[in-house]
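Notes follow once the structure below has been shown.
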There are 2 protein chains.
Amino acid sequence: MSDARQDGAQDARRPRLSRERVLAVAMELADRDGIEALTIRALAEHLGTKPMSLYHHVAGKEVLLDGMVDIVFSEIEKPPTDLGWREALRVRCRSAREVLGRHPWSVPLLESRHHPGPELLAHHESVLSTLDRAGMPLPLMAHAYAVLDSFVYGFAMQEANLAVQRGDEDAELAGEIAAAFDPDAYPMMTRFAMEHAMRPDFDFGDSFDYGLDLLLDGLARAVERAGA
Amino acid sequence: MSDARQDGAQDARRPRLSRERVLAVAMELADRDGIEALTIRALAEHLGTKPMSLYHHVAGKEVLLDGMVDIVFSEIEKPPTDLGWREALRVRCRSAREVLGRHPWSVPLLESRHHPGPELLAHHESVLSTLDRAGMPLPLMAHAYAVLDSFVYGFAMQEANLAVQRGDEDAELAGEIAAAFDPDAYPMMTRFAMEHAMRPDFDFGDSFDYGLDLLLDGLARAVERAGA
DNA sequence: ATGCCGTTCGTACTTAGTACGAGTTGCTAT
DNA sequence: ATAGCAACTCGTACTAAGTACGAACGGCAT
């Protein structure tokens, strides 16, 4: 009789709830429909259950978001230990940008969660080790970390926004902006847009490597100076 | 009789609603209690009116936020035209950091608003002019703007977060983190915290000028190379 | 005075998070 | 096998928040 019980069907399409499954589906939802579409109700729907069932695996929405952020960190490649510190940091920063690009909703959350997860801690630890390996004294280490992360987060934030603007409201928005755009009032912006930013081969993302190298160059010089 | 009408008192303490007043009080509220405390109801309360009265001055909450973001931009000093491009940019970036520090709630909003206000446009225009004046060709200009803003926004984001963590939940939070913190598991973080970041003279904010100069140095070199 | 228009606001609908407690399931020890 | 228990699920309902609708109101030009 157990195979004919009321939730036999449910059993098949619901591999049983678990913290992992809840988080995984939450990430999917956020990635696909945006963070504002991630409601407890919608999440429950996608899991084939009812809202209150989730509360046994995740204490509340805040904790859910904490968990998601930690997953994001888990996806960011740690600086490889078999590369020089510069290359290693480049790898980890590029990975961070890529991951944040895949999960644009996470950027504003990254720094606003008050409960660092294990993956976040492990990540920080590995980056600090790399900076230490580079021979940076503590004060320089602090600068380096602050500066690199500021750049990475800020860049990801701007890219996340660009992605939104290329959404379905593209036409409407472009028209709106163009309309509000008096070429006489904003000559530089007009020139910049016409002659560069709207060209098909322009890619905002190119500035990432440019800026990253600017910072790494500067830090390398500082390390030399400190070492001398 | 007009001085004895029902809303005589209200008249005195309510200088009549207006878009400006609504926005101003909204900024106050967000600054003081955080963006999540800025609800239409709370805002109406502080203005001495009822929720629906606001809708005649601001089309909805999104538009309210758009307006607030534009005010934030209006507070950021434009790069002074009577300084060299480097100094001018330094002034504007420092001002941006300071303003975003005063309005921490605005950082995640800055790049997520889809309706650029006049102040934002004017600000962009003036920065681009400065970059142009520096002799940057368009591609370099794009890099420079992207890189500087990424850094400024990212830094402000991290600072905003630090500010929150120094809030009323300080003790609780510090204890929590310390508890989760196994010195053996995270040796570098422990050393970094003990020997540097928790020292009374450590100031995260110091890294701002450091990073800003790193970027400006790099850009100056690029300008020279381009000019040669 | 009269009637119009911009404002104000009472009411109520909708969406979202989640507290409470009842029901259900499946594991474990007998 | 089965009783008992703990873990899980979910129906109901409360609260907070954004805002649609339309009535009421106040000042002003006629």
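The chains referred to below are lettered A, B, ... by the order of the sequence lines, with proteins before strands, and numbering in each begins at 1.
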Summarise protein proximity over nucleotides 11-24 of chain D in one line of letters, 5' to 3': B for base, S for sugar-phosphate only, - for none, counting protein heavy atoms closer than 4.0 Å. BB----BBBBB---
If you apply the rule side-chain contact (heavy atoms from CB on, under 4.5 Å), what do you find for A/Leu65 with A/Ile35, and how did you get there? CA-CA 10 Å; A/Leu65 295 175; A/Ile35 192 71; 4.1 Å; yes
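Listed by chain and residue number, A/Val72, A/Glu75, A/Ile76, A/Ser95, A/Arg102, A/His103 satisfy the side-chain contact (heavy atoms from CB on, under 4.5 Å) test with A/Val99 (two or more places apart in sequence, or in another chain). With sequence neighbours excluded, no residue forms a side-chain contact (heavy atoms from CB on, under 4.5 Å) with B/Ala24.
Listed pair B/Ser53 / C/dC9 meets the phosphate criterion, a side-chain N or O lying under 4.0 Å from OP1 or OP2.
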Please list every donor-acceptor pair under 3.5 Å in which a side-chain atom of residues 193-201 of chain A meets a protein atom from a residue at least two apart or in another chain.
none

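In this structure, A/Leu43 atom CG and C/dA16 atom P are separated by 13 Å, rounded to whole Å. Taking atom CG on A/Leu64 and atom C1' on C/dT18, their separation rounds to 14 Å, with Å as the unit. Atom-to-atom, CG of A/Leu17 to P of C/dT25 comes out at 16 Å; the value is rounded to the nearest Å. In this structure, NE2 of B/His57 is placed 9 Å from C1' of C/dG6, rounded to the nearest angstrom. Across the protein-nucleic acid pair, A/Glu20 atom CD and D/dC8 atom P stand 12 Å apart, rounded to whole Å.
Residue pairs meeting the salt bridge (charged side-chain N to carboxylate O under 4.0 Å, His left out) criterion with at least one partner in residues 52-64 of chain B, sequence neighbours excluded, are B/Glu62-B/Arg113. Residue pairs that meet the salt bridge (charged side-chain N to carboxylate O under 4.0 Å, His left out) test with at least one member in residues 203-212 of chain B, sequence neighbours left out, are B/Arg94-B/Asp209.
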